[in-house]
Asks: 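Take a look at the following structure, please.
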Amino acid sequence: MKVLIIHCGKTEEKYLITGIDKYENRLKHYLQVETIYLPLLKNTQALSKEAQKEKEGKNILSKIQNTDFVVLLDEKGKYFTSIDFSKYINQHLNSGTKRLVFVTGGPYGFSQEIYEKAHYKLSLSPMTFSHQMVRLFFIEQLYRAMTIQKGEPYHHE
């Protein structure tokens with residue numbers, strides 16, 4: 001199974017880039033992971049939030065295939081413990097999912113079209129985080145999920 005992670009916009013903070021790179025490199029031992037950073041929209045002053053979400057949505061959709069299982073990282077999504085998230089990933093590994101796609105949206109969230117394309121919504125916390133910080137938290141949890149599956153000592157319970 002391949003994991004594709006789609007982010008709207010680049011990560012700008014060096015400390016976040018360092019952390020994300022660390023976990024992406026560690027994950028290569030377990031999964032084939034690709035990360036795509038879609039460019040932020042330009043000249044958006046005249047666009048409403050909905051119009052911006054629609055344009056971002058079209059960019060996201062251009063990277064998604066019909067056979068993908070799409071998971072949105074969304075504040076209204078379902079919460080998992082780390083162990084339950086590991087089980088969720090394992091279900092996809094065992095079910096024949098070819099490409100599991102995780103998407104973090106821009107500052108205003110997702111368009112209706114993206115919500116309709118998604119198979120699942122996942123939340124990392126009831127708290128709100130910047131979309132750039134979510135990137136680090138998510139990639140670490142994906143790495144943690146894989147170490148749990150392998151029975152490695154990274155996760156302590």
Side-chain angles (χ1 to χ4, degrees), residues 1-38 53 56-57 59-157:
M1 177 178 76
K2 180 175 184 177
V3 173
L4 174 64
I5 303 169
I6 301 173
H7 299 301
C8 291
K10 291 197 176 241
T11 305
E12 297 171 0
E13 297 290 340
K14 287 184 181 184
Y15 72 96
L16 293 173
I17 294 168
T18 299
I20 291 166
D21 288 346
K22 173 182 174 179
Y23 289 107
E24 282 182 346
N25 286 328
R26 287 182 178 187
L27 264 172
K28 290 176 186 175
H29 177 72
Y30 306 99
L31 288 170
Q32 184 181 0
V33 178
E34 177 186 1
T35 303
I36 296 175
Y37 291 90
L38 299 175
K53 290 191 296 188
E56 284 176 347
N59 289 340
I60 293 167
L61 287 172
S62 74
K63 303 300 181 190
I64 294 173
Q65 300 169 3
N66 287 335
T67 57
D68 291 343
F69 190 93
V70 179
V71 178
L72 303 181
L73 295 173
D74 187 270
E75 63 187 12
K76 296 177 185 108
K78 180 176 169 47
Y79 304 105
F80 284 123
T81 65
S82 294
I83 290 174
D84 289 338
F85 182 58
S86 178
K87 291 176 184 174
Y88 180 78
I89 296 297
N90 196 44
Q91 286 173 348
H92 283 283
L93 285 167
N94 292 328
S95 71
T97 299
K98 292 196 184 317
R99 200 162 82 149
L100 182 58
V101 179
F102 294 95
V103 185
T104 58
Y108 301 118
F110 299 105
S111 67
Q112 187 59 39
E113 191 173 15
I114 294 298
Y115 279 118
E116 290 169 6
K117 182 72 173 172
H119 296 93
Y120 200 81
K121 292 187 293 185
L122 172 69
S123 178
L124 297 179
S125 171
M127 294 182 187
T128 301
F129 302 115
S130 75
H131 59 282
Q132 290 197 23
M133 292 187 99
V134 164
R135 297 169 185 175
L136 175 59
F137 298 156
F138 173 73
I139 198 76
E140 189 278 338
Q141 284 299 300
L142 187 56
Y143 171 73
R144 182 177 296 272
M146 296 311 299
T147 64
I148 290 168
Q149 286 181 33
K150 300 295 183 185
E152 295 173 355
Y154 183 78
H155 179 76
H156 306 285
E157 181 105 350

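One-based numbering along the sequence shown.
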Asks: What orientation do His92 and Tyr88 show, parallel under 30°, tilted 30 to 60°, or perpendicular over 60°?
Replies: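 Geometry flag for Tyr88 against His92: perpendicular rings.
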Asks: Do Asn66 and Lys117 come within less than 4.5 Å of each other through their side chains, counting heavy atoms only?
Replies: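 They are in side-chain contact.
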Asks: Tell me every residue that passes side-chain hydrogen bond (donor to acceptor under 3.5 Å, both in side chains) with Asn25, counting only those two or more places apart in sequence or in another chain.
Replies: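 By the side-chain hydrogen bond (donor to acceptor under 3.5 Å, both in side chains) rule, Asn25 matches Lys28.
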Asks: With a cut-off of 3.5 Å and sequence neighbours excluded, list every side-chain donor-acceptor pair involving residues 125-142.
Replies:
residue, atom, partner, partner atom, Å
Ser125, OG, Met127, N, 3.0
Ser130, OG, Met133, N, 3.1
Gln132, OE1, Glu12, N, 2.9
Gln132, NE2, Lys10, O, 3.4
Arg135, NH1, Gly9, O, 3.2
Arg135, NH1, Lys10, O, 3.2
Arg135, NH1, Thr11, OG1, 2.9
Arg135, NH2, Cys8, O, 2.7
Arg135, NH2, Gly9, O, 3.1
Glu140, OE2, Arg144, NE, 3.1
Glu140, OE2, Arg144, NH2, 2.8
Glu140, OE2, Tyr154, OH, 2.7
Gln141, OE1, Ser82, OG, 2.7

Asks: Quick one: OG on Ser62 to CD1 on Ile36, what's the gap to the nearest 0.5 Å?
Replies: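 Result: 8.0 Å between the selected atoms.
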Asks: Determine whether Phe102 and Thr104 make a side-chain contact, defined as any pair of heavy atoms from C-beta on separated by less than 4.5 Å.
Replies: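 Phe102 vs Thr104: side chains apart.
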Asks: Counting N and O atoms only, with roles assigned by atom type, does the side chain of Glu56 sit under 3.5 Å from a partner on the main chain of Ser111, one being a donor and the other an acceptor?
Replies: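 Not a single qualifying donor-acceptor pair exists.
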Asks: Shortest non-hydrogen contact from Leu93 to Met1?
Replies: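 Reported closest heavy-atom pair: CD2-CE, 3.6 Å.
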Asks: Rounded to the nearest 0.5 Å, how far does CG of Asp84 lie from CD1 of Ile89?
Replies: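 Ile89 atom CD1 to Asp84 atom CG measures 12.0 Å (nearest 0.5 Å).
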Asks: Is there a side-chain contact (heavy atoms from CB on, under 4.5 Å) between Ile64 and Ile6? Walk through the geometry before answering.
Replies: CA-CA 9 Å; Ile64 294 173; Ile6 301 173; 4.1 Å; yes
Asks: Between Lys78 and Leu122, what is the shortest heavy-atom contact and its length?
Replies: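 Nearest pair, atom of Lys78 first, then Leu122: O-CD1, 3.4 Å.
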Asks: Please round to the nearest 0.5 Å and tell me the distance separating atom OG1 of Thr67 and atom NZ of Lys98.
Replies: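 The distance works out to 8.0 Å.
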Asks: Can you tell me how far the CG atom of Asn94 sits from the NZ atom of Lys87, to the nearest 0.5 Å?
Replies: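 With rounding to 0.5 Å, CG (Asn94) is 13.5 Å from NZ (Lys87).
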Asks: I need the minimum non-hydrogen distance between Phe85 and Ala145, along with the two atoms involved.
Replies: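 Shortest heavy-atom separation between Phe85 and Ala145 comes out as CD2-CB, 3.9 Å.
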Asks: Identify all side-chain donor-acceptor contacts of residues 68-75 below 3.5 Å with residues at least two apart in sequence or on another chain.
Replies:
residue, atom, partner, partner atom, Å
Asp68, OD1, Arg99, NE, 2.9
Asp68, OD2, Gln65, N, 2.7
Asp68, OD2, Arg99, NE, 3.3
Asp68, OD2, Arg99, NH2, 2.8
Asp74, OD1, Lys76, N, 2.8
Asp74, OD2, Tyr115, OH, 2.5

Asks: Rounded at 0.5 Å granularity, tell me how far OH in Tyr143 sits from CD in Glu152.
Replies: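 It is 6.0 Å, given to the nearest 0.5 Å.
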Asks: Can you tell me how far apart NE2 (His155) and CD1 (Ile148) are? Round to the nearest 0.5 Å.
Replies: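 It is 4.0 Å, given to the nearest 0.5 Å.
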